[in-house]
Amino acid sequence: MTGSLRAHLCFLLLSVTALRGRGRYIDVQENEISAEGLFSLLNSELKRELPDEFLYRRPLRCLDMVAVEGQFTFTADRPQLNCAAFFIGEPTDIISIEYDSVNIDCRGGDFIKVFDGWVMKGEKFPSSQDHPLPLYERYSDYCDSGEAQPIVRSSQNVAMVFFRLHQSGSSFTITFRKVLNPFPCNVISQTPEGRFSMVIPEQHRNCSYSIIYPVEIQIGELSLGHHNDLKRSVPGCAGAGDFVELLGGNGVDTSKMFPMADLCYSFNGPAQLKVGCDNTVVRMVSSGKFVNRVTFQYRLLDHQELQKLKGNSVEDLCLSG
């Protein structure tokens with residue numbers, strides 16, 4: 001990995017799918033696009049602002065990033081066998097995809113599949129450990145459900161649409177909307193700077209907030225419902241059913257990332273950590289017995305800060321890759 005900041009985002013080299021047959025699962029092959037190219041698509045989307053009474057419309061590209069609500073149409077001018085569109089909302093959104101019209105040949109091998117989350121380089125966000133549904137239920141295949149399921153909703157602020165069209169002239173139109181999620185869990189941040197409060201209200205689940213940049217995390221408040229009878233020296237917060245961990249890595253699957261810090265006791269006051277990885281995650285594990293809350297803010301590390309981290313044997317786990 002090179003020293004440039006963009007190179008540190010190399011895990012965003014996307015894996016656009018090559019589905020074999022009509023199987024339910026996606027067999028991901030590496031079809032690379034630069035991180036700069038992907039997020040330039042996102043930035044261009046965020047700049048498009050229209051009054052609420054107008055429905056934003058544009059063509060959908062074979063490889064696309066969509067952040068603005070609207071209606072999107074893909075028409076094949078030639079066989080398009082490995083296409084994917086990434087949809088993203090604000091942290092407090094879930095994604096709604098509605099089929100408006102579909103003209104594809106399912107029997108001839110065409111497909112449109114919505115995935116509840118994102119797939120990058122073969123890794124999935126949220127991970128299987130953090131998503132409320134089993135993996136096979138996270139795929140929605142239009143050719144299996146058709147008009148029986150005209151609207152598909154995600155569990156978090158990101159979703160993907162994979163599609164393959166063999167014949168020129170084949171097409172489909174979908175409408176993308178954002179729906180308010182009162183208790184967001186599992187978020188990908190659109191920006192390298194921000195502030196967020198994660199609350200798990202007596203639910204047995206794991207929630208991850210993923211920042212696809214090297215950043216400094218500053219935790220301002222951590223409130224865990226259990227009594228603070230755990231010693232700070234407990235390794236890895238073992239035995240604590242409720243805790244927060246800070247993770248770093250060069251992929252999006254939290255189960256494959258490096259643990260940077262564990263927090264299993266409530267506190268007020270800033271605690272900060274610089275993570276020089278392509279992806280930085282605040283992950284809360286909840287037993288379901290208590291209301292747990294963590295508030296944090298984050299900012300992008302500059303080039304000089306990244307260079308300083310290279311000499312740290314702990315935080316160099318990602319930079320040395």
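Sequential numbering from 1 along the given sequence is applied to the chain's residues.
- Considering only heavy atoms from C-beta on, I217 comes within 4.5 Å of I219 through its side chain.
- Following chains of ILVMFWY side-chain contacts shorter than 4.5 Å, one can reach F267 starting from M260, so the two form part of one hydrophobic cluster.
- At least one donor-acceptor pair under 3.5 Å links the side chain of N279 to the backbone N or O of G251.
- In this structure, F115 and Y139 have tilted ring planes: the angle between them lies in the 30° to 60° band.
- Considering only heavy atoms from C-beta on, R195 stays 4.5 Å or farther from R299 through its side chain.
- Counting heavy atoms from C-beta outward, P59 and T73 have side chains that stay 4.5 Å or more apart.
- Taken to the nearest 0.5 Å, the CE atom of M198 stands 6.5 Å off from the SG atom of C185.
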**Q.** Stepwise side-chain contact (heavy atoms from CB on, under 4.5 Å) check, H131 with Q156
**A.** CA-CA 9 Å; H131 200 279; Q156 62 288 309; 3.6 Å; yes

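- Listed here is the closest heavy atom pair of V291 and P201: CG2-CA, 4.2 Å.
- Side chains of K178 and I94 form no contact here, defined as non-hydrogen atoms less than 4.5 Å apart.
- F196 has its side chain out of reach of S189: every pair of non-hydrogen atoms, C-beta onward, lies at least 4.5 Å apart.
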Q | side-chain contact (heavy atoms from CB on, under 4.5 Å) evaluation trace for V161 with V114 | A | CA-CA 4 Å; V161 175; V114 179; 4.1 Å; yes

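- For N206 (side chain) and Q129 (main-chain N/O), a donor-acceptor pair under 3.5 Å exists by modelled atom type.
- Between the E216 side chain and the L301 main chain, no donor and acceptor come within less than 3.5 Å of each other.
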Q.
Under the criterion side-chain contact (heavy atoms from CB on, under 4.5 Å), I'd like the reasoning laid out for I174 against Y142: C-alpha separation, chi angles, the key distance, then a yes or no.
A. CA-CA 12 Å; I174 57 177; Y142 174 84; over 6 Å; no

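- L246 and V199 fall into different hydrophobic clusters, where Ile, Leu, Val, Met, Phe, Trp and Tyr residues are linked whenever their side-chain heavy atoms come under 4.5 Å apart, directly or through other members.
- Within 6.0 Å of CD in Q167 there are 12 or fewer heavy atoms belonging to other residues, nucleotides or ligands.
- Residues V275 and L247 do not share a hydrophobic cluster, clusters being chains of Ile/Leu/Val/Met/Phe/Trp/Tyr side chains in contact below 4.5 Å.
- Between the side chain of W118 and the backbone N or O of K124 there is no donor-acceptor pair closer than 3.5 Å.
- In this structure, Y99 and I112 have side chains that are in contact, with non-hydrogen atoms separated by less than 4.5 Å.
- A distance-only check finds no donor-acceptor pair linking the side chain of D130 to the backbone of S127 [under 3.5 Å].
- The line from CG of L224 to CE of M284 is 6.0 Å long, rounded to the nearest 0.5 Å.
- The minimum heavy-atom distance between Y213 and T280, with the atom names listed, is O-OG1, 3.2 Å.
- Remark: side-chain polar atoms of E123 are not paired, donor with acceptor, to backbone N or O of M120 under 3.5 angstrom.
- Applying the 6.0 Å contact sphere to CZ of R153 captures no more than 12 heavy atoms from other residues, nucleotides or ligands.
- Pairing each heavy atom of G169 with each of N103, the nearest pair is O-ND2, 3.8 Å.
- Note: F163 and F172 have perpendicular aromatic rings, judged against thresholds of 30 and 60 degrees for the angle between ring planes.
- Side-chain atoms of T175 do not come within 3.5 Å of backbone N or O of E98 as any donor-acceptor pair.
- Rounded to the nearest 0.5 angstrom, F111 CZ and C83 SG are separated by 8.5 Å.
- L273 and M257 fall into different hydrophobic clusters, defined by Ile, Leu, Val, Met, Phe, Trp and Tyr side-chain heavy atoms under 4.5 Å apart, directly or through other members.
- In this structure, N157 and E90 approach most closely via the heavy-atom pair CB-O, 3.2 Å.
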(Q) Could you walk me through whether D100 and Q71 satisfy the side chain to side chain donor-acceptor pair (under 3.5 Å) test, starting with their C-alpha distance in whole Å, then the side-chain angles of each, then the deciding distance to 0.1 Å, before giving a yes or no? (A) CA-CA 9 Å; D100 299 317; Q71 190 176 72; 3.1 Å; yes

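- Annotation: side chain of F72 is not in contact with side chain of R57 (no heavy-atom distance under 4.5 Å).
- V281 and I88 are assigned to two separate hydrophobic clusters, defined by single-linkage of ILVMFWY side chains at heavy-atom distances under 4.5 Å.
- Under the 3.5 Å distance criterion, the side-chain polar atoms of D242 are matched with a main-chain donor or acceptor of S287.
- The two residues E202 and K289 make their nearest non-hydrogen contact at OE2-O, 4.0 Å.
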Q.
Could you go through F125 and N186, starting from their C-alpha distance and side-chain angles, then the distance that decides it, and tell me whether this counts as side-chain contact (heavy atoms from CB on, under 4.5 Å)?
A. CA-CA 8 Å; F125 179 89; N186 297 321; 4.2 Å; yes

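- At least one donor-acceptor pair closer than 3.5 Å links the side chain of D110 to the backbone N or O of D105.
- Atom CZ of residue F243 and atom CG of residue D262 lie 6.0 Å apart, to the nearest 0.5 angstrom.
- With H166 contributing its side chain and Q80 its backbone, the two residues share no donor-acceptor pair below 3.5 Å.
- Considering V187, V158, T254, I188 in turn, I188 is the only one that fulfils the side-chain contact (heavy atoms from CB on, under 4.5 Å) rule with S210.
- Less than 6.0 angstrom separates the ring centroid of Y209 from the ring centroid of Y298.
- Between atom CG of residue L222 and atom CZ of residue R293 there is a gap of 11.0 Å, rounded to the nearest 0.5 Å.
- In this structure, M160 CE and R138 CZ are separated by 11.5 Å, a value rounded to the nearest 0.5 Å.
- Of all heavy-atom pairs spanning T295 and S197, the tightest one is OG1-OG, 2.9 Å.
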